[in-house]
Amino acid sequence: WGPPASSGTCSPHRVTNGGKTTLTNSLHKALPNCCVIHQDDFYKPQDQIAVGEDGFKQWDVLESLDMEAMLSTVQAWLSNPQKFARAHGVSAHTDTSDTHILLLEGFLLYSYQPLLDLYSRRYFLTVPYEESKWRRSTRTYAVPDPPGLFDGHVWPMYQKYKQEMEANNVEVVYLDGTKSREELFHRVLEDIQNSLLNHS
């Protein structure tokens, strides 16, 4: 836990179209004095994204993100959660003014070592291959996926980073992304609330 004593950082993570943003947004609305940092906000400009051996722009690799900037943003929250919240338009709840929560949402949160020790709770959403592929096919992106991107790049990168996370013994709570939004939300909300009670 970071300062003050009742602060915490939680991080819903990964699989593409697994429901992490939906879960994060629901938690953000329900938790007191809660701020959110989205890893997607730290993508480097498109002209800095390399084309890999697979022939695709490498959006699903750590090098596509400015992780130092993300770390600096997290450290700004850790150093003064109240100031960070005010700067990001989060209204303080007076009955819980000593409690501050930071949610980090992203797909490579557990691949960047400097962030790993900052999390008080880690969640990893899983969705089977077919479900993930179907969900991605139903999404509309500003830049449409080129043919073969999911099988040729997105899913292999997910598998690679998940295996690295497991090999590095990163402790996570696995969540079944095929469960209902409400079930996932209530499970994580209850877990966070219990954690806050145990650290207050």
Side-chain angles (χ1 to χ4, degrees), residues 1-42 60-62 65 67 70-71 73-75 77-78 81 96 99-133 135-136 154-200:
W1 293 83
S6 296
S7 296
T9 54
C10 305
S11 53
H13 180 84
R14 238 324 187 178
V15 70
T16 185
N17 302 105
K20 61 191 174 301
T21 302
T22 301
L23 175 59
T24 300
N25 291 341
S26 297
L27 292 168
H28 181 229
K29 291 175 189 167
L31 292 165
N33 304 325
C34 183
C35 294
V36 177
I37 296 173
H38 298 278
Q39 191 173 39
D40 283 358
D41 293 340
F42 295 90
D60 289 80
V61 299
L62 203 56
L65 297 153
M67 292 305 295
M70 184 174 185
L71 178 61
T73 305
V74 172
Q75 289 170 331
W77 180 87
L78 286 169
T96 58
T99 300
H100 293 272
I101 299 165
L102 177 64
L103 299 175
L104 303 179
E105 178 265 331
F107 64 103
L108 291 173
L109 295 174
Y110 309 140
S111 300
Y112 187 65
Q113 189 62 45
L115 280 178
L116 272 180
D117 294 333
L118 301 180
Y119 306 121
S120 51
R121 310 299 281 176
R122 298 182 194 99
Y123 302 96
F124 192 98
L125 279 154
T126 61
V127 176
Y129 165 84
E130 289 296 337
E131 177 73 10
S132 181
K133 187 173 183 177
R135 288 183 185 184
R136 188 166 180 115
V154 173
W155 190 257
M157 289 297 101
Y158 160 69
Q159 290 180 307
K160 174 185 181 236
Y161 285 111
K162 183 174 183 278
Q163 288 167 358
E164 286 179 8
M165 179 190 76
E166 291 167 345
N168 292 328
N169 297 312
V170 177
E171 290 184 35
V172 298
V173 175
Y174 286 96
L175 301 171
D176 180 351
T178 64
K179 300 283 188 197
S180 74
R181 292 175 179 183
E182 294 76 22
E183 185 176 342
L184 289 169
F185 166 69
H186 288 293
R187 177 175 176 197
V188 175
L189 180 64
E190 183 178 333
D191 188 49
I192 292 171
Q193 289 172 332
N194 287 337
S195 181
L196 289 171
L197 286 172
N198 291 332
H199 286 87
S200 58

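Val173 places none of its side-chain heavy atoms less than 4.5 Å from the side chain of Val188. With a 4.5 Å cut-off on side-chain heavy atoms, Leu196 and Ile101 count as touching. Looking only at side-chain heavy atoms (C-beta outward), Leu109 and Phe124 stay at 4.5 Å or farther from each other. Contact of the Leu125 side chain with the Leu184 side chain is registered, since non-hydrogen atoms from C-beta on lie closer than 4.5 Å. Between Leu189 and Leu27 there is a side-chain heavy-atom pair separated by less than 4.5 Å.
In this structure, Phe107 and Leu65 approach most closely via the heavy-atom pair CZ-CD1, 3.8 Å. Taking every heavy atom of both residues into account, Leu62 and Leu108 meet most closely at N-CD1, 3.4 Å. Counting all heavy atoms, side chain and backbone alike, Gly177 lies closest to Val127 at CA-CG2, 3.8 Å. When all heavy atoms of Val170 and Leu116 are compared, the pair lying nearest together is CG1-CD2, 3.9 Å. What you find for Pro81 and Leu78 is that their closest heavy atoms are CD-O, 4.0 Å.
Residue pairs satisfying the salt bridge (charged side-chain N to carboxylate O under 4.0 Å, His left out) criterion with at least one member in residues 167-189, sequence neighbours excluded, are absent.
Formation of a donor-acceptor pair under 3.5 Å by the Asp60 side chain with backbone atoms of Val154 is not found in this model.
Aromatic pair Tyr110/Tyr119: centroids less than 6.0 angstrom apart.
The ring-ring contact (aromatic ring centres under 6.0 Å, His included) search around Tyr129 returns Phe150, Trp155, not counting sequence neighbours. Among residues two or more places apart in sequence or in another chain, the salt bridge (Lys or Arg N to Asp or Glu O under 4.0 Å) test is passed with Glu166 by Lys162. For Lys160, the salt bridge (Lys or Arg N to Asp or Glu O under 4.0 Å) partners two or more places apart in sequence, or in a different chain, are Glu164. Here Thr21 pairs with Glu105 under the side-chain hydrogen bond (donor to acceptor under 3.5 Å, both in side chains) rule; sequence neighbours left out. Judged as a salt bridge (Lys or Arg N to Asp or Glu O under 4.0 Å), and not counting sequence neighbours, the contacts of Asp191 are Arg121. Residues passing the side chain to side chain contact (heavy atoms under 4.5 Å, CB included) test with Pro156, sequence neighbours excluded: none. For Ser26, the side chain to side chain contact (heavy atoms under 4.5 Å, CB included) partners are Phe185, not counting sequence neighbours.
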